[in-house]
Amino acid sequence: MAIENFIEHRDEQGNYLAVWWDPQEEMVILQYNFIHLTLIPEQFSQVLDKLSEAREKLQSKT
C-alpha cells in the first residue's frame with residue numbers, strides 16, 4: 001500500500017509541515033522543515049497531547 005498524505009502545509013514564511021501514514025510499517029511520519037520524526041501511532045498521539053498542553057500554556061502567557 002502507498003503512503004497516505006494526511007496533511008501538507010507551507011506557511012507565508014516558507015515553513016513546511018507534513019504528516020503521512022505508512023500503513024505497511026504502521027508508522028506516522030511527521031516533518032517540520034528539516035525535522036523528521038517517525039512514530040508509532042501511540043507516540044504520535046502523546047506528542048499531540050503534549051503540544052496541545054504547551055499551546056494552552058503559551059496562550060495563557062500571551
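Worth saying up front: this structure is predicted, and the values here are computed from it rather than measured.
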message: Using a 3.5 Å distance criterion without hydrogens, assess whether the side chain of Ser45 forms a donor-acceptor pair with backbone atoms of Pro41.
response: yes
Check for me, please, whether [X] and [Y] land in the same ILVMFWY cluster - side-chain distances under 4.5 Å, paths through other members count.
X: Val19; Y: Leu48; result: yes
X: Leu30; Y: Tyr32; result: yes
X: Leu17; Y: Ile3; result: no

message: For a 4.5 angstrom cut-off between non-hydrogen side-chain atoms, does Leu37 reach Ile29?
response: no
- request: Please examine the side chains of Ile40 and Glu26, heavy atoms only from C-beta on, and report whether any two atoms are closer than 4.5 Å.
  value: no
Working to the nearest 0.5 angstrom, can you tell me the gap between [X] [atom1] and [Y] [atom2]?
X: Thr38; Y: Asp22; atom1: OG1; atom2: CG; answer: 9.0 Å
X: Trp20; Y: Ile7; atom1: CH2; atom2: CD1; answer: 9.0 Å
X: Gln31; Y: Glu8; atom1: CD; atom2: CD; answer: 8.5 Å
X: Leu51; Y: Glu56; atom1: CG; atom2: CD; answer: 11.5 Å
X: Asn15; Y: Arg10; atom1: CG; atom2: CZ; answer: 8.5 Å
X: Asn33; Y: Gln13; atom1: CG; atom2: CD; answer: 10.5 Å

- request: Take atom CD of Gln24 as the centre, draw a 6.0 Å sphere, and report whether it contains more than 12 heavy atoms from other residues, nucleotides or ligands.
  value: no
task: Over 60° means perpendicular and under 30° means parallel, so classify the ring planes of Phe6 and Trp21, tilted if in between.
output: parallel
message: Does either side chain, that of Asp49 or that of Gln46, offer a donor lying less than 3.5 Å from an acceptor on the other one?
response: no
